[in-house]
Each structure stands twice: as structure tokens, then as C-alpha cells.
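Below you'll find the structure, written out as C-alpha cells, and then a few comments.
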Amino acid sequence: QVHLVESGGGLVQAGGSLRLSCAASGSIFSINAMGWYRQAPGKQRELVATIPRRGSTKYADSVLGRFTISRDDALNTVDLQMSRLKPEDTAVYYCNVNQWTAVTGTQAYWGQGTQVTVSS
């Protein structure tokens with residue numbers, strides 16, 4: 001099993017910045033894509049940004065130009081730098097990690113979530 005722990009959430013004024021971090025630990029074999037999702041009250045979980053092991057990053061249109069995703073493969077971490085935050089960014093943010101093993105194939109893992117609240 002891979003265990004993910006998010007940190008960095010909090011309350012911030014509109015226009016401010018926050019940096020979310022996610023650390024993976026446990027039975028790490030071969031991590032492929034890593035990403036961040038978010039879920040606002042009454043809404044479904046949506047993709048915010050993904051970063052593959054090799055390839056281009058992808059962002060939701062709503063955060064493009066404001067958020068930056070990055071990863072450190074040596075530390076098995078993925079971060080999300082959020083700038084120029086808006087009230088509509090308010091949500092619980094979840095870290096996602098996908099890895100492959102010879103036994104189970106591709107598996108997805110999720111963090112417990114960290115709350116981000118942006119006040120107007």
C-alpha cells in the first residue's frame with residue numbers, strides 16, 4: 001500500500017497564495033502520474049493538475065496560469081503552488097498517485113485531503 005499525506009491547506013484572502021505538499025510512503029515501486037484533485041461542497045471531485053513521470057503537465061482551465069504542479073521523484077512528493085487564489089478555489093484538495101507493480105498492475109492512491117478556504 002502507498003500512503004499519501006497532504007499538508008499546506010488553510011485560510012487565505014483572495015489574491016493570496018498557498019503551497020500544498022503531498023508525501024508518498026509505504027510500498028512504493030514505480031510511481032507514474034501524480035496529481036491534485038479538489039472537491040467543493042455539493043460538487044463532484046475534479047482534476048486540478050497532473051504531472052506524469054515523463055511528459056507534459058496538465059491543468060484545469062480554471063487554474064491555468066495561477067497554479068503550478070511539481071514533483072520530486074527522489075522524495076516521492078508532489079506539490080501544488082497556488083497563486084492569485086479566488087473564492088471559487090475553495091475546496092478540499094486531494095493528492096493522487098498512480099503506480100505500477102508486476103503483481104497488481106496500475107493502482108491509484110489518494111490522500112486524506114486538505115482544506116483550502118479563500119475569502120473574498
Subject >> same_hphob_cluster(V92, L85) at 4.5 Å side-chain heavy-atom cutoff >> reply: no

**OP:** List the atom of S120, the atom of A14, and the distance in Å for their closest heavy-atom pair.
**Re:** CA-CB, 4.3 Å

Original post:
Counting N and O atoms only, with roles assigned by atom type, does the side chain of R71 sit under 3.5 Å from a partner on the main chain of A33, one being a donor and the other an acceptor?
Top reply: no

Subject >> Verify same cluster id: Y93, L64 (apolar side-chain graph, 4.5 Å) >> reply: yes

**OP:** For the residue pair E46 and R38, establish whether any side-chain heavy-atom pair is separated by less than 4.5 Å.
**Re:** yes

Original post:
In Å and rounded to the nearest 0.5 Å, what is the CD1 to NZ distance from I69 to K58?
Top reply: 12.0 Å

**OP:** On the 0 to 90° scale, with breaks at 30° and 60°, tag the Y37-W110 ring pair as parallel, tilted or perpendicular.
**Re:** perpendicular

Subject >> Approximate separation, where rounding is to 0.5 Å, of N76 CG and I31 CD1 >> reply: 4.5 Å

Original post:
V2 and A24: which non-hydrogen atoms are nearest, and at how many Å?
Top reply: CG1-CB, 4.1 Å

**OP:** Spell out, yes or no, whether L80 and Y94 are grouped together once hydrophobic residues are joined by side-chain heavy atoms under 4.5 Å, including indirect joins.
**Re:** no

**OP:** Examine distances only and state if a side-chain atom of Q99 and a backbone atom of S30 form a donor-acceptor pair shorter than 3.5 Å.
**Re:** yes

Original post:
Between I51 and Y59, is a side-chain contact (heavy atoms from CB on, under 4.5 Å) present by the stated rule, with each step listed?
Top reply: CA-CA 9 Å; I51 180 168; Y59 296 92; over 6 Å; no

Original post:
Is a side-chain N or O of T68 found less than 3.5 angstrom from the main chain of Q81, in a donor-acceptor match?
Top reply: no

**OP:** Check the pair Q13 / S119 against side chain to side chain donor-acceptor pair (under 3.5 Å), numbers first and verdict last.
**Re:** CA-CA 5 Å; Q13 293 280 352; S119 62; 3.1 Å; yes

Original post:
Roughly how far apart are R54 CZ and D73 CG, rounded to 0.5 Å?
Top reply: 13.0 Å

Original post:
Can you list the steps and then say if V78 with C95 is a side-chain contact (heavy atoms from CB on, under 4.5 Å)?
Top reply: CA-CA 8 Å; V78 58; C95 176; 3.6 Å; yes

Original post:
Between atom CG of D79 and atom CE of M34, what is the distance when rounded to the nearest 0.5 Å?
Top reply: 9.0 Å

Original post:
Has the side chain of N96 got a donor or acceptor atom that lies under 3.5 Å from a matching backbone atom of Y109?
Top reply: yes

**OP:** Decide yes or no on side-chain contact (heavy atoms from CB on, under 4.5 Å) for L20 and E6, but give the supporting numbers first.
**Re:** CA-CA 7 Å; L20 306 183; E6 303 106 329; over 6 Å; no

**OP:** Take atom CZ of R53 as the centre, draw a 6.0 Å sphere, and report whether it contains more than 12 heavy atoms from other residues, nucleotides or ligands.
**Re:** no

**OP:** State whether the side chain of T90 and the backbone N or O of T117 hold a donor-acceptor pair below 3.5 Å, judged by distance alone.
**Re:** no

Original post:
Given V48 and M82, is the side-chain contact (heavy atoms from CB on, under 4.5 Å) satisfied, shown in steps?
Top reply: CA-CA 11 Å; V48 177; M82 305 184 294; over 6 Å; no

Original post:
Could you state the interatomic distance from CG (L4) to OG (S25), rounded to the nearest 0.5 Å?
Top reply: 7.5 Å

**OP:** Can you see which heavy atom on R19 is nearest to which on S70, and at what distance?
**Re:** NH2-OG, 3.7 Å

